[in-house]
Amino acid sequence: MLPTPFAEQVLDLVATIPAGRVLTYGDVAERLGSRAPRAVGTALARFGGGAPWWRVVRAGGLLPPGHEVRAAELLRAEGIAVIRSANGPRVDLENYRWRSAG
DNA sequence: AAGCTGACTCGCT
DNA sequence: GAGCGAGCCAGCT
């Protein structure tokens with residue numbers, strides 16, 4: 001399967017996220033002028049292999065379902081503190097959320 | 001063309 | 001703070 005144009009946009013943007021910073025699915029979608037965070041997740045699920053998918057987290061800083069452990073390790077390796085909560089591991093968006101345009 | 005599914009999000013309890 | 005339900009968009013069958 002070839003990446004859809006939307007998926008390519010997602011991968012391209014995710015690739016620009018600096019190490020030590022994170023973005024939410026909603027942020028990625030919004031930066032692409034879209035309102036489909038779910039499509040962002042799908043794109044990373046299918047084609048995220050070559051992109052820093054762990055820098056994309058759910059709203060509230062929650063890690064991607066089914067990839068919490070893997071993402072937590074990679075994030076910690078970049079200096080991002082992963083906090084454990086009942087609903088899953090999460091990062092502090094206030095401190096690590098990436099803002100390239102303010 | 002119509003319907004189903006999904007690495008989501010927001011509002012309420 | 002944590003759990004449940006409805007809403008939205010893009011892709012696939």
Side-chain angles (χ1 to χ4, degrees):
Chain A
M1 283 303 265
L2 266 64
T4 65
F6 183 80
E8 287 188 11
Q9 290 282 70
V10 172
L11 297 177
D12 192 55
L13 176 56
V14 171
T16 69
I17 304 176
R21 295 287 154 204
V22 300
L23 230 50
T24 69
Y25 291 98
D27 287 340
V28 175
E30 195 165 337
R31 279 166 183 275
L32 295 179
S34 172
R35 301 271 290 165
R38 303 205 59 153
V40 174
T42 302
L44 288 177
R46 296 188 66 69
F47 314 106
W53 55 265
W54 58 93
R55 292 177 194 154
V56 183
V57 301
R58 293 206 275 159
L62 287 169
L63 273 45
H67 298 258
E68 301 92 340
V69 181
R70 191 88 184 91
E73 289 181 25
L74 292 162
L75 289 170
R76 284 184 189 278
E78 298 183 351
I80 296 180
V82 179
I83 307 155
R84 178 195 136 322
S85 65
N87 38 344
R90 70 184 185 191
V91 302
D92 187 350
L93 290 178
E94 290 298 305
N95 293 124
Y96 303 111
R97 193 180 200 178
W98 181 48
R99 40 232 191 257
S100 61

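Just so it is clear: chains get the letters A, B, ... in the order the sequence lines come, proteins before strands, and each one is counted from 1.
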Given atom CH2 of A:Trp53 and atom C1' of B:dA7, what is their separation to the nearest angstrom?
9 Å
Quick one: does any side-chain atom of A:Glu68 pair with a main-chain N or O of A:Gly66 as donor and acceptor, under 3.5 Å?
yes
Is any side-chain heavy atom of A:Arg97 less than 4.5 Å from a side-chain heavy atom of A:Arg21?
no
Nearest-Å distance, CZ (A:Phe6) to P (B:dG6)?
18 Å
Would you kindly give the CZ-to-P distance between A:Arg31 and B:dC8, to the nearest whole Å?
20 Å
Atom-pair distance (CZ on A:Phe47; P on C:dA10), nearest Å
16 Å
For the pair made of CG in A:Leu32 and P in C:dC8, what is the distance, rounded to whole Å?
21 Å
Using a 4.0 Å heavy-atom cut-off across all strands, classify A:Gly26 as base, sugar-phosphate, or nothing.
sugar-phosphate
When you measure from the side chain of A:Arg90, which nucleotide among B:dA7, B:dC8, C:dG1 comes out closest?
C:dG1
Considering only C:dC12, B:dC8, C:dC9, which nucleotide approaches the side chain of A:Ala36 most closely?
C:dC9
Residue-phosphate contact under 4.0 Å: A:Thr4 side-chain N/O, C:dG11 OP1/OP2
yes
Which part of the nucleic acid, if any, lies within reach of A:Ala45 when heavy atoms closer than 4.0 Å are counted: base, sugar-phosphate only, or nothing?
base
Counting only heavy atoms from other residues, nucleotides and ligands, does the tally under 6.0 Å from CD of A:Glu30 exceed 12?
no
Can you name the nearest heavy-atom pair linking A:Gly61 to A:Leu93, along with the distance?
N-CD1, 3.4 Å
Candidates A:Val22, A:Leu23, A:Thr24, A:Asp27 - the one meeting side-chain contact (heavy atoms from CB on, under 4.5 Å) with A:Trp98
A:Leu23
May I have the distance from A:Leu93 (atom CG) to B:dC8 (atom C1'), rounded to whole angstrom?
14 Å
Could you tell me whether the phosphate oxygens of B:dC4, OP1 or OP2, come under 4.0 Å of any side-chain nitrogen or oxygen in A:Arg38?
no
If I take atom CG in residue A:Leu2 and atom C1' in nucleotide C:dG11, what distance separates them, rounded to the nearest angstrom?
14 Å
Nearest-nucleotide pick for A:Ser34, side chain only, options being B:dT9, C:dA2, C:dA10:
C:dA10
Round to the nearest Å and state the distance from A:Gln9 atom CD to C:dG11 atom C1'.
16 Å
Selected nucleotide, minimal atom distance to A:Pro64 side chain, candidates C:dA2, B:dA7, B:dT9
B:dA7
On DNA chain C, compare the nucleotides closest to A:Ser85 and A:Arg35; which residue's is nearer the 5' end?
A:Ser85
